[in-house]
Number of protein chains: 2
Amino acid sequence: MDDIILDMDQYLPLRDVVFHALRKAILTGKLKPGERLMEIHLAKQLGVSRTPVREAIHKLELEGLATMIPRRGAQVAQISEKGLKDVLELRRALDVFCAQIACERMTPEEEKELRETCKAFEEATGTKDTTVIAKADVAFHDVIINSTRNERLITTINNLAEQIYRYRFEYIKDDSQHSRLIEEHRRLVDAILNKDPEKAGKAAGIHIDNQEHSILSQINLED
Amino acid sequence: MDDIILDMDQYLPLRDVVFHALRKAILTGKLKPGERLMEIHLAKQLGVSRTPVREAIHKLELEGLATMIPRRGAQVAQISEKGLKDVLELRRALDVFCAQIACERMTPEEEKELRETCKAFEEATGTKDTTVIAKADVAFHDVIINSTRNERLITTINNLAEQIYRYRFEYIKDDSQHSRLIEEHRRLVDAILNKDPEKAGKAAGIHIDNQEHSILSQINLED
DNA sequence: TTAGAGAATATTGTATACAAAGTACAGGAT
DNA sequence: ATCCTGTACTTTGTATACAATATTCTCTAA
């Protein structure tokens with residue numbers, strides 16, 4: 001009787017619960033860049049001891065969402081313009097690469113998914129709901145990224161995406177950009193479906209370039 | 001009198017000491033893939049408590065050198081052929097990218113350094129001392145990578161390099177390959193000094209391709 | 001009033017204790 | 001003989017205690 005598989009509710013270590021909680025708080029801006037992350041304080045707030053909090057903070061540091069100074073604690077990472085440019089430059093190179101190999105490796109099922117998520121994004125822009133739009137955008141790009149079937153590439157890109165998540169959010173809010181985004185997505189989809197790596201790479205590059213311009217101009221406004 | 005700055009000997013958290021110790025042990029093969037990393041055991045061996053050992057193991061996990069299963073502890077990462085191929089594919093893309101932008105960004109001082117480390121590598125192959133050769137090779141590539149001045153790119157590539165360090169070692173031992181390596185380095189240097197991104201990218205790609213073939217054939221022999 | 005020394009306080013780093021889960025092995029039922 | 005089960009033991013997960021360092025505040029002296 002091996003078809004009755006009780007997927008016994010997964011055990012979640014506290015450190016991971018805390019990690020996800022803090023991560024979400026940082027990405028949504030509830031914890032602001034520069035804010036100190038004090039262990040006892042967070043531990044009390046979350047109702048756990050310092051140990052899992054410490055471990056979560058270390059994980060955040062390795063992901064680049066927190067910075068630590070020995071004996072002085074951690075704070076929410078404050079990304080500089082240079083740091084943001086570095087992330088975007090690398091992200092661009094990897095996205096171009098993904099688009100290129102997606103042309104070779106994408107299965108028919110994934111091609112269908114690509115068309116669907118592309119359309120879903122277009123529909124999402126109609127809702128004016130930033131969260132919905134952002135999710136649709138992520139879903140679309142995930143199809144491309146996952147089609148590479150390169151685990152290391154996937155985690156690396158996702159980590160980079162996380163770094164700019166906070167800023168990208170503002171960018172997606174600006175609905176004057178939506179028609180251009182849709183156009184860029186379509187171009188990318190066409191190139192991939194036509195198995196044209198060069199065009200796909202270019203389309204992916206342009207897509208990130210525009211994102212970069214938006215984000216950087218937005219950052220400069222803030223100062 | 002603020003020119004008397006006692007750069008008070010750096011404080012090194014124990015977790016980092018342990019981390020470096022374990023990392024070295026893994027990279028040099030003293031701790032073998034699949035070997036269990038038990039906290040109490042390692043703590044006793046290193047003369048510290050479990051806490052810094054735990055934190056070091058977590059760091060190793062995030063770097064991909066250890067794998068953890070909740071409630072069952074960690075073991076030295078066992079890289080699969082697929083995993084190795086993934087790493088190499090990504091490494092290739094990033095090395096090509098580095099070579100390309102190095103053409104634009106390399107300063108005259110770095111160009112000098114590039115020529116010097118290239119020559120130093122050629123001389124190192126004469127010594128037949130694997131450690132010396134490996135170090136010279138790393139130094140050469142570091143010049144290229146660092147010239148991009150993209151921190152994120154640099155750490156990402158270094159992390160990938162670390163993953164294959166264990167296998168690359170064997171590859172460098174094979175002195176029948178040395179003349180080819182030297183030739184490949186020279187081609188890369190020429191392309192960069194001539195500011196020819198396309199050639200530089202190609203040369204870097206070929207360099208990794210050959211490394212990939214060597215490493216993969218070597219892995220297959222082991223099974 | 002301001003600068004500096006020193007105590008008081010807060011915070012991180014490390015060690016240890018206890019709880020919970022996993023593993024291994026022995027003994028009994030089928 | 002094999003499989004199941006219960007117990008002893010190991011190991012990790014979390015909490016807490018203590019030590020070392022950083023920060024803040026107060027009080028004094030110039």
Side-chain angles (χ1 to χ4, degrees), chain A residues 1-2 4-23 25-26 31-32 34-63 65-78, chain B residues 1-2 4-23 25-26 31-32 34-63 65-78:
Chain A
M1 311 252 160
D2 52 20
I4 305 177
I5 293 172
L6 250 307
D7 141 41
M8 44 173 83
D9 250 347
Q10 81 274 8
Y11 164 77
L12 258 208
L14 264 187
R15 61 163 173 271
D16 289 333
V17 177
V18 175
F19 170 72
H20 287 297
L22 293 179
R23 182 170 168 277
I26 293 174
L31 284 170
K32 292 184 183 56
E35 199 163 325
R36 286 188 69 184
L37 296 169
M38 283 179 299
E39 296 169 5
I40 316 171
H41 194 75
L42 292 170
K44 268 201 178 146
Q45 200 171 318
L46 295 165
V48 299
S49 82
R50 275 179 59 209
T51 309
V53 174
R54 270 181 81 77
E55 298 184 341
I57 290 177
H58 286 139
K59 252 179 136 169
L60 288 172
E61 197 213 359
L62 275 276
E63 295 241 320
L65 291 177
T67 46
M68 285 189 56
I69 305 172
R71 284 277 173 206
R72 284 179 45 184
Q75 49 180 168
V76 179
Q78 196 133 32
Chain B
M1 302 282 150
D2 51 21
I4 305 177
I5 293 172
L6 249 307
D7 137 47
M8 44 173 82
D9 250 348
Q10 82 274 7
Y11 162 76
L12 257 209
L14 264 188
R15 60 160 173 271
D16 289 332
V17 177
V18 174
F19 170 71
H20 287 297
L22 293 179
R23 183 169 167 278
I26 293 174
L31 283 171
K32 291 181 184 55
E35 197 163 328
R36 287 188 71 184
L37 295 169
M38 282 180 298
E39 297 170 3
I40 315 171
H41 194 76
L42 291 170
K44 267 198 179 149
Q45 200 170 317
L46 295 165
V48 298
S49 82
R50 276 179 59 207
T51 310
V53 174
R54 267 182 83 76
E55 297 183 342
I57 290 177
H58 286 139
K59 252 177 136 169
L60 288 172
E61 197 212 358
L62 273 277
E63 295 240 319
L65 291 176
T67 46
M68 285 188 55
I69 305 173
R71 285 278 174 206
R72 284 179 46 183
Q75 51 182 145
V76 178
Q78 196 134 31

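Order of the sequence lines sets the chain letters (A, B, ...), proteins ahead of strands, with each chain counted from 1.
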What's the spacing between [X] [atom1] and [Y] [atom2] if we round to 0.5 Å?
| X | Y | atom1 | atom2 | result |
| --- | --- | --- | --- | --- |
| L31(A) | R23(A) | CG | CZ | 13.5 Å |
| R15(A) | K59(A) | CZ | NZ | 6.5 Å |
| E55(B) | T51(A) | CD | OG1 | 9.0 Å |
| L22(A) | L65(A) | CG | CG | 10.0 Å |

Could you list the protein-to-nucleotides 6-10 of chain C atom pairs, N/O on both sides, closer than 3.5 Å?
none

Give the minimum heavy-atom separation between [X] and [Y], together with the two atoms involved.
| X | Y | value |
| --- | --- | --- |
| R50(B) | I40(B) | CD-CG1, 3.9 Å |
| V53(B) | A43(B) | CG2-CA, 3.7 Å |
| R72(A) | R36(A) | O-NH2, 3.8 Å |
| A74(A) | M68(A) | CB-CG, 3.6 Å |
| L37(A) | A66(A) | CD1-CB, 4.0 Å |
| V76(B) | K32(B) | CB-O, 3.3 Å |

> Of all of residues 53-63 of chain A, which get a heavy atom below 4.0 angstrom from DNA chain C, listed by number?
Replying inline: R54(A)
How many Å lie between [atom1] on [X] and [atom2] on [N], as a whole number?
| X | N | atom1 | atom2 | value |
| --- | --- | --- | --- | --- |
| R15(B) | dA15(C) | CZ | C1' | 15 Å |
| L46(A) | dA15(D) | CG | P | 11 Å |
| F19(B) | dG13(C) | CZ | C1' | 18 Å |
| I40(A) | dA22(D) | CD1 | C1' | 13 Å |
| E35(A) | dT11(C) | CD | P | 14 Å |
| E39(A) | dC18(D) | CD | P | 18 Å |

> Between L42(A) and I57(A), is any pair of side-chain heavy atoms under 4.5 Å apart?
Replying inline: yes
Using a cut-off of under 3.5 Å, enumerate the N/O to N/O pairs linking the protein to nucleotides 17-25 of chain C.
from	atom 1	to	atom 2	distance (Å)
dT23(C)	OP1	R72(B)	NE	2.8

> Do any side-chain nitrogens or oxygens of S49(A) fall under 4.0 Å of OP1 or OP2 in dT14(D)?
Replying inline: no
> Within the structure shown, what part of the strands sits under 4.0 Å from L37(B) by heavy-atom distance: base, sugar-phosphate, or nothing?
Replying inline: sugar-phosphate
